[in-house]
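Worksheet: the structure to be examined is printed underneath.
Scope of the values below: all heavy atoms of this structure, side chains included, with no hydrogens, waters or symmetry mates. Index from 1, following the sequence.
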Amino acid sequence: MWTLQCGKPSQQCLLEEIIINFNEAVNISNTQVLAWVSELYHLEGYNIQLIPPHEGGRNVVYTCEQEGRELLILRVSFLSDRKREDYIAELEYVRYLFEHGARVSDVVSSKKSHLLEEITYEEHTFFICMFVKAKGKLLVENHYQYRGGVPLTEYYYNSGKILGKMHQLSKSYVPVHRRHHLLDKYNAE
């Protein structure tokens with residue numbers, strides 16, 4: 001989010017980015033954003049827990065669990081380097097893949113039927129989205145075995161098949177909202 005700061009009327013206005021760090025984003029999410037999100041996504045009665053961040057993480061992520069209900073993952077994005085349209089393009093693409101049989105987690109629409117919700121608190125904008133939690137285990141949880149007694153090479157083979165299907169589906173995908181091309185944002189060299 002950007003804000004205009006001006007001194008005297010004769011002075012030129014400066015455009016200044018308001019930066020928020022991860023710990024501030026977690027604090028605001030815990031104290032303000034989660035209450036709004038609970039209402040937006042029917043999460044009353046859910047146990048919502050922060051997932052510990054990994055090095056270089058860009059989002060605040062929570063698990064949302066309730067007995068007898070689908071497990072959900074909440075993503076709160078707080079950095080200003082992506083636009084609303086970038087998030088929407090990403091979520092529409094994931095929804096397309098899910099609807100066409102790719103093994104991806106579905107995007108959960110809010111009660112307003114939006115894939116993305118935007119919440120502004122003070123000067124900070126938070127982009128909110130929800131996913132169905134993927135089933136399965138981390139490889140480390142299974143002692144780096146894909147399945148009991150199955151070599152890890154089968155994991156690579158099956159991962160390749162899944163990526164191949166996603167690639168095939170991507171060829172026929174026609175986006176409603178386009179995300180920037182990687183080379184538009186970063187120097188190709």
[X] atom [atom1], over 12 foreign heavy atoms within 6.0 Å:
{"X": "Tyr156", "atom1": "OH", "result": "no"}
{"X": "Glu67", "atom1": "CD", "result": "no"}
{"X": "Arg103", "atom1": "CZ", "result": "no"}

**OP:** For side-chain contact (heavy atoms from CB on, under 4.5 Å), just list the numbers for Phe98 and Val107, CA-CA rounded to whole Å, side-chain angles, deciding distance to a tenth of an Å, and then say yes or no.
**Re:** CA-CA 8 Å; Phe98 178 82; Val107 182; over 6 Å; no
Original post:
Yes or no on side-chain contact (heavy atoms from CB on, under 4.5 Å) for Cys64 and Arg69, after CA distance, side-chain angles and deciding distance?
Top reply: CA-CA 10 Å; Cys64 306; Arg69 305 278 305 268; over 6 Å; no
Quick one: pull up [atom1] in [X] and [atom2] in [Y] and give me the separation to the nearest 0.5 Å.
{"X": "Met166", "Y": "Lys161", "atom1": "CE", "atom2": "NZ", "answer": "15.0 Å"}
{"X": "Leu74", "Y": "Tyr41", "atom1": "CG", "atom2": "OH", "answer": "7.5 Å"}
{"X": "His114", "Y": "Cys129", "atom1": "NE2", "atom2": "SG", "answer": "14.0 Å"}
{"X": "Glu99", "Y": "Leu169", "atom1": "CD", "atom2": "CG", "answer": "11.5 Å"}
{"X": "Asp86", "Y": "Leu91", "atom1": "CG", "atom2": "CG", "answer": "11.0 Å"}
{"X": "Ser105", "Y": "Met130", "atom1": "OG", "atom2": "CE", "answer": "13.0 Å"}

**OP:** Kindly determine whether Glu39 and Lys111 satisfy side-chain contact (heavy atoms from CB on, under 4.5 Å), including the steps that lead there.
**Re:** CA-CA 8 Å; Glu39 175 67 24; Lys111 71 162 87 167; 2.8 Å; yes
Where [X] and [Y] come nearest, the two heavy atoms and their spacing:
{"X": "Ser110", "Y": "Glu117", "answer": "OG-OE2, 2.5 Å"}
{"X": "Val104", "Y": "Val94", "answer": "CG2-O, 3.8 Å"}
{"X": "Glu70", "Y": "Tyr46", "answer": "O-OH, 3.7 Å"}
{"X": "Lys165", "Y": "Ala102", "answer": "CE-N, 4.1 Å"}
{"X": "Phe78", "Y": "Arg58", "answer": "CE2-O, 3.7 Å"}
{"X": "Lys133", "Y": "Thr63", "answer": "NZ-CG2, 4.5 Å"}

Original post:
Any side-chain heavy-atom pair from Asp106 and Arg95 closer than 4.5 angstrom?
Top reply: yes
Original post:
Would you say Ile119 and Val76 make side-chain contact, with heavy atoms under 4.5 Å?
Top reply: no
**OP:** Among Leu34, Val60, Val33, find the one that has a side-chain contact (heavy atoms from CB on, under 4.5 Å) with Ile128.
**Re:**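 So, applying the side-chain contact (heavy atoms from CB on, under 4.5 Å) to Ile128 and each of Leu34, Val60, Val33, only Val33 qualifies.
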Original post:
Do Ile73 and Leu71 belong together in a cluster built from hydrophobic side chains that touch within less than 4.5 Å?
Top reply: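 The answer is no; the residues belong to distinct hydrophobic clusters.
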**OP:** Following the transitive rule for hydrophobic clusters with a side-chain heavy-atom cut-off under 4.5 Å over Ile, Leu, Val, Met, Phe, Trp and Tyr, establish whether Tyr157 and Ile162 coincide in one cluster.
**Re:** no
Original post:
Can Tyr96 and Ser170 be counted as having a side-chain donor-acceptor contact under 3.5 angstrom?
Top reply: no
Subject >> Intermediate values then yes/no, side-chain contact (heavy atoms from CB on, under 4.5 Å), Leu43 and Leu72 >> reply: CA-CA 10 Å; Leu43 296 179; Leu72 303 171; 3.8 Å; yes
Subject >> Tyr121 and Phe126 aromatic centres sub-6.0 Å >> reply: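 They do not qualify: ring centres at least 6.0 Å apart.
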Original post:
Does Lys112 use its side chain to pair, donor to acceptor, with the backbone of Leu40 at less than 3.5 Å?
Top reply: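 Looks like no, no N/O pair under 3.5 Å.
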Original post:
Regarding Arg82 and the six-membered ring of Tyr87, is the cationic atom NZ or CZ under 6.0 Å from the ring centre and inside 45° of its axis?
Top reply: yes
**OP:** Would you list the pairs meeting side chain to side chain donor-acceptor pair (under 3.5 Å) in which at least one residue belongs to residues 20-32, sequence neighbours left out?
**Re:** Asn30-Tyr62
